[in-house]
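Heads up: the structure comes next, in C-alpha cells.
Predicted model only: the values in this text are computed from it and were never measured. Order of the sequence lines fixes the chain letters, A, B, ..., with proteins taken first and strands second; residue numbering starts at 1 for each chain. Quick note: numbers below take in every heavy atom, side chains included, and nothing from hydrogens, waters or symmetry partners.
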Amino acid sequence: MTLPDSKLTFTADRELFASGSARVADRAAEFLQRIDQYSDLNAFISVSEHAFGSLASDSDERYTSGLQRPLEGLAIALKDNISFKGLRLTCASRILETFEPVFNATVVERLLNSGALIIGKTNMDEFAMGSSSEHSYFGPVKNPLDPQRVPGGSSGGSAVAVAARMCHVALGSDTGGSVRQPAAFCGVVGFKPSYGRISRYGLVAFASSLDQIGIFARSVDDAALVFDVIKGHDPMDSTSVATDTRQSTTQRKGYRVGFLSDEFIDGCDESVRSAYALFREHLISRGAEVSDVSLPNKQTWIPTYFILATAEASSNLARYDGVRYGVRADDTSSDMITATRTAGFGKEVQRRIMLGTYVLSSGYYDAYYKKAQQTRRLIAEAYAEVFNKVDFIAMPTAPTTAFQRGEITDPVQMWLSDLYTVSANIAGIPAISLPFGTDSSGLPIGMQLQGAMFSDEDLLQFSGKLISA
Amino acid sequence: MTSNDIARIAELARLQFSEEEIAAFTNEFIRIVDYVGTIASLNLEGVEPMTTVSGAVNVSREDVAGECLTSEEALSNAPRKNEAFFKVPKVLG
C-alpha cells in the first residue's frame, strides 16, 4: 500500500472534532474498517470493537458540550505487553495465549482518564525479543510498504498500525530500539523517553533496567501530546521520576547538534549514509549549530546490551512456571515446570533465557555480567561528556532500511541491526527516530536524535520544528 | 563449551532440548558467547559497576494499607485451582 498522508494526525483531527466538522465515532469506525481491510499485515492480536464504538459516542458528546479532555477521541493501540483489563494480554507468546489481565497499566489509566480510546493490542516479537516482528506465536507482522519485508521489531504491530493509519497513535516498549527501529522501517515517528519518565507498572518486564514505554505517532506533536499525559512519577513504579526540564532551555536561540564520523556509520547502507549527510545539511538550514563529536566505545554497545538484557530476561521470565497463570503443559509430568516452559516459549526467547542463565551462572558472573555493568558505566559517561558540548547527538536509527522476511537468520547479525539504538537504553537517555527520506526502492529511512538524561521535552520541541513544513 | 555445558544450562533454565537441538545449539552458543565475550578481555579495573542509570538506591514509602487483588482475581488465570489455592502436580512422593 501507499502510506496515507502524514498530515492526518490526531492534532488535526482534534480541531475537526472540536469544530464539529468530524465525529469521533466516524473516525473510530474508519479505523476499525482499516484494521479489517489490512488484516493481512497481522498488526493486531486483539481488537476492542465494542468498547471502542460506545466510548467514541461518549467522546462526541463531550466535544458537543465543550467538556473534552486532552486526548478526547484519540484512538490508541497498545503493544500486547501492556496490561489493559478487558482484552487478553499475550506478549505474542503461547505461554500467555489465554491470559486475562486483572489490572490496568498506569499508562492505560492515564490515557482513559484523558479521553483516549483503546482500539486494540498489537502484534510483536514474543516477549519483545527481536528486531523484525517475525518471532510471534500469532505469525509475523508485515511491512505495509512491501508485505515481503519486515516492519522492524519488536513493536512491529504498533508501527504498522500507525503507518497504515489503523489508529492515531500507538504505544510500544523500547528495551534496545524496539520503538525507534520499527518506526524507522515504517516511516513514522518513534519516541523513547529517558528511563523513568513513563511508569512501567503494567508493562510486562523483559529487561527491567533497560525497558521503557515509547510512543509511535504520525507527527512529533502527537507524540508530545500523549507523552504529556502518560509521563510522570507513579508510586507503583519506584524507578519512575517526576523530572520536568521544560523550563531549562526555553530562551535558547539555537540548539547544538553533534554528528559522528564517517567511520562510525561505515556499516550502514549507502542510502542511510547519504541520508545522514543530508540530515546534517537540513539541521543547519533550520538554524542548528552543528559540530563533530565522537563516542569512543561503540564496539562494546551490543555485547553490553545483550549480556545485561539476557541476564535480566532470564530472571524476569522465571515467573512463567505454569503455576499461577499462563498455559500449563502436561499436568502429570514429574517436572511440570520444565514441560510448560519448553512448550510455551518460542525459539528466540529460549535462546535468550539460555544465554542469560549462562552469563549469570556461577564462575561466569564476573567475566560477563559484572564486566557489562562496568562497560555500561563507561558508555553512560562517554555520553555525559559529549552532552557537555552539544544538546543532541544525531545518528541513523538503523544501519539498513526494512529487510526481507527470513533474510536474517543468524542471531548475532540480527542483533547488529540494533547497533545504533541500544546505547540510549544502556545510558538511559531519551531518543527519537524521525522519518527522513527513502532509499531507491522507496523504503523509509529513520534519523535518530538522542538527548541528555531527562531532556525529553527539549528533544520533542526541537524534533517538532525539524520535520514540520 | 560442550554439549554437556549446554545441557547443564538448560537444566538451570528449566528448558528441555532434544540431543539434535543441543548439538545445534552448542555451535550457535559458541559463536554468540564468543561475540558478547569480546568485553570479557577488557581491563576495567577500578570502574564501578553500574546497576541503574538513575542512581536510586532504596526507594521506600509509608506502610499504608491500600487496595489489592482479591483472591478470586489472583486465581482467575490459574491453569488449575480450587476455591482458594493454586493446584500443582504432586511434589513429594
Side-chain angles (χ1 to χ4, degrees), chain A residues 98-100 102-103 195-196 209 235 238-239 241 299-300 302-304 306-307 314 318 321-328 331-339 341-342 345 350-351 353-359 361 367-368 370-378 380 410-412 426-428 453, chain B residues 1 5-6 8-17 21 25 28-29 31-56 58-62 66-70 72-81 86-91 93:
Chain A
T98 58
F99 182 79
E100 298 288 342
V102 290
F103 63 87
Y195 183 79
S209 81
S238 60
T239 63
V241 294
Q299 76 286 356
T300 66
I302 294 276
T304 299
F306 273 93
I307 290 170
S314 73
D321 54 12
V323 173
R324 293 149 300 158
Y325 43 74
V327 173
R328 180 185 296 183
D331 217 2
T332 58
S333 157
S334 60
D335 191 350
M336 179 278 285
I337 295 178
T338 299
R341 292 165 60 79
T342 301
F345 290 135
Q350 294 192 1
R351 179 188 286 130
I353 291 175
M354 288 286 286
L355 185 61
T357 305
Y358 170 73
V359 300
S361 64
Y368 294 109
K370 191 178 161 202
K371 276 269 163 84
Q373 288 186 314
Q374 290 173 308
T375 47
R376 181 176 202 176
R377 182 171 301 280
L378 297 180
D410 175 51
V412 172
I426 293 170
M453 192 77 178
Chain B
M1 183 77 57
D5 297 327
I6 300 290
R8 170 75 186 137
I9 299 162
E11 198 182 319
L12 289 170
R14 297 285 184 276
L15 293 169
Q16 198 169 27
F17 299 101
E21 282 175 317
F25 219 156
E28 191 178 78
F29 219 74
R31 185 167 137 61
I32 293 173
V33 167
D34 255 9
Y35 177 69
V36 298
T38 49
I39 65 169
S41 56
L42 298 176
N43 179 8
L44 300 170
E45 219 174 293
V47 179
E48 184 67 21
M50 184 182 229
T51 52
T52 165
V53 290
S54 73
N58 287 324
V59 179
S60 56
R61 60 165 175 83
E62 290 303 310
E67 275 181 46
C68 61
L69 296 182
T70 62
E72 195 178 68
E73 286 170 326
L75 287 163
S76 62
N77 279 289
R80 284 186 71 203
K81 61 190 168 188
F86 296 102
K87 284 180 85 170
V88 294
K90 197 170 176 183
V91 175

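Atoms CD and CG, on A/Gln374 and B/Leu42 in that order, are 9.5 Å from each other to the nearest 0.5 Å. Rounding to the nearest 0.5 Å places CE of B/Met50 at 12.0 Å from OG1 of A/Thr304. Atoms CD and CG, from B/Glu28 and A/Leu355 in turn, are 10.5 Å apart once rounded to the nearest 0.5 Å. Atoms OG1 and NZ, on B/Thr51 and A/Lys370 in that order, are 13.0 Å from each other to the nearest 0.5 Å. Once rounded to the nearest 0.5 Å, the distance linking CZ of A/Arg376 with CD1 of B/Ile39 reads 12.0 Å. A distance of 13.5 Å separates CD in B/Glu67 from CZ in A/Phe103, rounded to the nearest 0.5 Å.
Using a 4.5 Å cut-off between heavy atoms, A/Tyr358 touches chain B through backbone and side chain atoms alike. For B/Leu15, the parts lying near chain A are the backbone and the side chain together; criterion is any non-hydrogen pair under 4.5 Å. No part of A/Thr239 comes within reach of chain B, as not one of its non-hydrogen atoms sits under 4.5 angstrom from that chain. Using a 4.5 Å cut-off between heavy atoms, A/Ala318 makes no contact with chain B at all. Interface residue A/Asp410: only side-chain heavy atoms are found under 4.5 Å from chain B. For B/Ile6, the parts sitting under 4.5 Å from any heavy atom of chain A are the backbone and the side chain alike. In this structure, no portion of B/Lys81 lies under 4.5 Å from any heavy atom of chain A. Neither the backbone nor the side chain of B/Glu21 comes within less than 4.5 Å of any heavy atom of chain A. Using a 4.5 Å cut-off between heavy atoms, A/Ser314 makes no contact with chain B at all.
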Candidate pair A/Val102 and B/Ser76, rule side chain to side chain contact (heavy atoms under 4.5 Å, CB included), full reasoning: CA-CA 8 Å; A/Val102 290; B/Ser76 62; 3.4 Å; yes
Step-by-step side chain to side chain contact (heavy atoms under 4.5 Å, CB included) determination, A/Val412 to B/Arg31: CA-CA 8 Å; A/Val412 172; B/Arg31 185 167 137 61; 3.6 Å; yes
Ring pair (Phe, Tyr, Trp, His ring centres under 6.0 Å) assessment of A/Phe306 paired with B/Tyr35: CA-CA 10 Å; A/Phe306 273 93; B/Tyr35 177 69; 8.4 Å; no
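The residue among A/Ile337, A/Thr300, A/Val323, A/Ile353 with the most heavy atom pairs within less than 4.5 Å of chain B is A/Val323. Ranked by non-hydrogen atom pairs under 4.5 Å with chain B, the options A/Ser209, A/Gly326, A/Pro235 are led by A/Gly326. When each of B/Leu44, B/Val33, B/Val59 is checked for heavy-atom pairs under 4.5 Å with chain A, B/Leu44 comes out on top. If you tally non-hydrogen atom pairs under 4.5 Å between each of B/Leu75, B/Val53, B/Asp5 and chain A, the highest count goes to B/Val53. No other option in A/Val359, A/Leu378, A/Ile307, A/Thr342 has as many heavy-atom pairs under 4.5 Å with chain B as A/Thr342.
Closest non-hydrogen pair, A/Ala367 versus B/Ala40, comes out as O-CB, 3.5 Å. In plain terms, the two heavy atoms of A/Gly322 and B/Pro79 that are nearest each other are O-CG, 3.3 Å. Closest heavy-atom contact between A/Met354 and B/Ala10: SD-CA, 3.6 Å. Scanning both residues, B/Ile32 and A/Pro411, for their nearest heavy atoms gives CD1-CG, 4.1 Å. Heavy-atom minimum distance, B/Phe17 versus A/Gln350: CE2-OE1, 3.1 Å. Closest approach of A/Pro303 and B/Thr38 over heavy atoms only: CG-OG1, 3.5 Å.
Residue-environment remark: CZ (A/Arg377) exceeds the threshold of 12 foreign heavy atoms within 6.0 Å. For B/Gln16, the CD atom is loosely surrounded, since the number of other residues' heavy atoms within 6.0 Å does not exceed 12.
Under the side-chain hydrogen bond (donor to acceptor under 3.5 Å, both in side chains) criterion, B/Arg8 pairs with no residue at all, not counting sequence neighbours.
Looking at B/Asn77, its side chain never comes within 3.5 Å of a backbone N or O of A/Phe99 through a donor-acceptor pair. The closest donor-acceptor contact from the side chain of A/Arg341 to the backbone of B/Ala13 lies under 3.5 Å.
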